[in-house]
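When a ligand or atom number is given, it counts from 1 through the structure's own listing order.
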Amino acid sequence: MDNCLFCRIVAGEIPSTKVYEDEYCYAFRDINPQAPTHVLVVPKQHVANIGEANQLSNEALRACIEAIAKIAAQEGLTGGYRVISNCGPDACQSVPHLHFHILGGRQMADQMA
Ligand code: AMP
C-alpha cells in the first residue's frame with residue numbers, strides 16, 4: 001500500500017529504529033513510547049488489523065506471534081510484558097496496518113482500558 005505509514009517504514013522509506021526483522025515481519029520502536037520498552041511488530045504484508053489476519057499466510061501470522069517472545073527476550077523483559085493490538089475506531093487504532101504493541105519495563109496497570 002503506497003500511502004500506508006507502516007508499509008513505508010517496512011520499505012525503509014520512513015526511518016525507524018529496527019528491533020527485529022525476518023522474512024515475514026518487522027519490529028521497531030514506537031515513536032511515542034508508553035512504557036520503557038514499547039515496540040511495534042508488523043507483518044510485512046499489508047492487512048488493516050487483526051480482523052484481516054486471515055489474509056496472512058500461516059507462516060506470516062506465526063512469524064509475527066513468535067517474534068513477540070523473541071523481542072521480549074532480546075529486550076530483557078523477564079518480569080513480563082503486555083501485548084495489545086488495537087482494531088478499529090472503538091479501540092482507537094490510529095494506523096490501519098496490523099501491529100502488535102509490546103509494552104514492558106514497568107508494572108502495567110491492572111485495568112487494561
Ligand atoms: P495504534 O493507535 O494502535 O494504531 O498505534 C499506532 C502507534 O504507531 C502509536 O503508538 C504511535 O505512537 C505509533 N507511530 C506512529 N507513527 C510512528 C512512526 N513514524 N514510527 C514509530 N511509531 C509510530
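What sits closest to atom 7 (C) of ligand 1 on the protein, heavy atoms only, is Asp30 OD2, 3.5 Å. In this structure, atom 8 (O) of ligand 1 lies nearest to the protein heavy atom Phe6 CZ, 3.4 Å. Of all protein heavy atoms, the one closest to atom 14 (N) of ligand 1 is Ile31 CG2, 3.8 Å. Among protein heavy atoms, the minimum distance from atom 1 (P) of ligand 1 is reached at His99 NE2, 3.2 Å. Counting protein heavy atoms only, atom 19 (N) of ligand 1 is closest to Ile9 CD1, 3.8 Å. In this structure, atom 16 (N) of ligand 1 lies nearest to the protein heavy atom Leu5 CD2, 3.4 Å.
Between Lys44 and Glu21 there is a salt bridge, with a side-chain nitrogen of the basic residue lying less than 4.0 Å from a carboxylate oxygen of the acidic one. With respect to Arg29 and Glu75, a salt bridge is recorded, a charged nitrogen being found less than 4.0 Å from a carboxylate O.
Note on Val10: it does not cluster hydrophobically with Val19, by side-chain heavy-atom contacts below 4.5 Å among ILVMFWY residues. Using a 4.5 Å cut-off between side-chain heavy atoms of Ile, Leu, Val, Met, Phe, Trp and Tyr, with links allowed through other members, Ile65 and Ile84 fall into different hydrophobic clusters.
By the 3.5 Å distance cut-off applied to N or O atoms, His38 is not counted among the residues near ligand 1. Residue Ser94 has at least one nitrogen or oxygen atom sitting less than 3.5 Å from a nitrogen or oxygen atom of ligand 1, judged on distance alone. For Ile14, no nitrogen or oxygen atom sits less than 3.5 Å from a nitrogen or oxygen atom of ligand 1, counting backbone and side chain alike.
Ligand 1 has at least one atom lying under 4.0 Å from a heavy atom of His101. Using a non-hydrogen distance threshold of 4.0 Å, Cys92 registers as a contact of ligand 1.
For the pair Val42 and Phe28, the minimum side-chain heavy-atom distance is below 4.5 Å. With contacts defined as side-chain heavy-atom distances shorter than 4.5 Å, the pair His101/Arg82 does not qualify.
Only the side chain of Leu40 comes within 4.0 Å of ligand 1, counting heavy atoms alone; its backbone N, CA, C and O stay farther away.
With 3.5 Å as the limit, one finds a donor-acceptor pair spanning the side chains of Tyr26 and Ser16. For the residue pair Tyr20/Lys70, the side-chain donor-acceptor check at 3.5 Å is satisfied.
Set against the non-hydrogen atoms of Gln93, the atoms of ligand 1 under 4.0 Å away are 4 (O). Residue-ligand proximity, Asn86 to ligand 1, at heavy-atom distances under 4.0 Å covers atoms 1 (P), 3 (O). For ligand 1, the atoms lying closer than 4.0 Å to a non-hydrogen atom of Phe28 are 21 (C), 22 (N). Atoms of ligand 1 found under 4.0 Å from any heavy atom of Asn32 (numbered from 1 in listed order, with element): 12 (O). Residue contact check: Arg29 has heavy atoms under 4.0 Å from atoms 21 (C) of ligand 1.
Residue Ile68 holds its CD1 atom at 12.0 Å from CG of Leu77, rounded to the nearest 0.5 Å. The CD1 atom of Ile14 sits 9.0 Å away from atom SG of Cys4, with the distance rounded to the nearest 0.5 Å.
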Practice task
Just do the side-chain contact (heavy atoms from CB on, under 4.5 Å) check on Tyr24 and Leu61 with the steps written out, would you?
Solution key: CA-CA 8 Å; Tyr24 299 105; Leu61 192 53; over 6 Å; no

